[in-house]
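Data first, discussion second: the structure below is written as structure tokens.
Residue numbering restarts at 1 for every chain, and letters A, B, ... go by the order of the sequence lines.
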Amino acid sequence: MQVHLKIWRQQTQASRGQFSDYDIADVSPDMSFLEMLDLLNDRLIRQGERPIEFDHDCREGICGQCGVMINGRAHGPLPNTTTC
Amino acid sequence: MIPGLYAVGEANFADHGANRLGANSLLQACVDGYFIAPYTIPNYLAAEMKAGPIDAKHPAFAEAEENAQSQLHRLQQIKGSIPTDDFHKALGRILYDKCGLSRSQDGLKKAIAEIRLLRDQFYRDLRVLGGPDMNSELEKAGRVADYLEVGELMCYDALTREESCGAHFREEYQTPDGEAARNDKDFAFTSAWEWTGAGQEPTWHKEPLRFEFVTPSLRSYK
């Protein structure tokens, strides 16, 4: 499936940020949100663009590192579900 | 209490139940790794410190900083075509297939050769892109560079351990009915491997295991 993302990006910690638009094609419905970001970063790096930054660690719903705000909600729309 | 003896990570207390593997074990590894180990070990070492305070102008500080800076610079200057994740996955595949639960002499020798080739390619064709202050790709590349070394040392360790011990099954060393064959006579030691540089044989340090009160016995689930 195709997913459209608006991601908050800043060049440096001190610089002004803005939302950047990304269309990601061929996203599998079985991917987690972070796996979709991995796919986006893989494509960005191969195109020679700076990848997006996001925190993550265990990738199995345990450690709590993936503090992503999605549509204004911490960790995303599903209750009791981590982003990874 | 034994001063300096700590149990952290998976070895600390926890309920071991249906969700042990990958669930509360991982929590212990994360929590102890992030928060407990960085306080317990320095706390012990602080009391052991017999020398006076060491000035940050000591040459060792400058040398350590120079080493770290030159490694970061090296990774960023390769400017190749292959993302870090590709190397991470390729290395994981080699170790999963050849240094996993079941391993053999043949497979481990191949794994060492494959890891060396992969490392050569890593330092020739790695692509690290990222920002000037926050750069998780650079951090990841540093970790994969370490993993390339640790992975090779794991294969050396597995190769030299000519027995089936614990959950590690060496295919050549099994009982007639396919169970793990341990060799306590020749392998009652732990190994520590010292990295000596890419393409070099690592140095093998051994510490003998002496069992005074509880002696090793056969573990059988049959």
Is the [atom1] atom of [X] crowded by more than 12 outside heavy atoms at less than 6.0 Å?
X	atom1	value
B:Leu101	CG	no
B:Glu207	CD	no
B:Arg143	CZ	no
B:Arg93	CZ	no
B:Asp55	CG	yes
A:His4	NE2	yes

Measuring from atom [atom1] of [X] to atom [atom2] of [Y], what distance do you get when rounded to the nearest 0.5 angstrom?
X	Y	atom1	atom2	answer
A:Glu53	B:Glu137	CD	CD	8.0 Å
B:Asp86	A:Asp42	CG	CG	6.0 Å
A:Asp55	B:Met134	CG	CE	6.5 Å
A:Asp57	B:Leu26	CG	CG	7.5 Å

Distance-minimising heavy-atom pair for A:Arg50 and B:Gly130 |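 Looking at all heavy atoms of both residues, the closest pair is NE-C, 3.8 Å.
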
Kindly determine whether B:Arg127 and A:Ile45 satisfy side chain to side chain contact (heavy atoms under 4.5 Å, CB included), including the steps that lead there.
-> CA-CA 8 Å; B:Arg127 174 179 288 185; A:Ile45 292 167; 3.6 Å; yes

In terms of heavy-atom pairs under 4.5 Å with chain B, which of A:Gln11, A:Gln65, A:Arg46, A:Gln13 leads?
-> A:Arg46

With a 4.5 angstrom heavy-atom cut-off, could you sort out which part of B:Asp133 is near chain A: side chain, backbone, both or neither?
->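 For B:Asp133, the contact with chain A is made by the side chain alone.
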
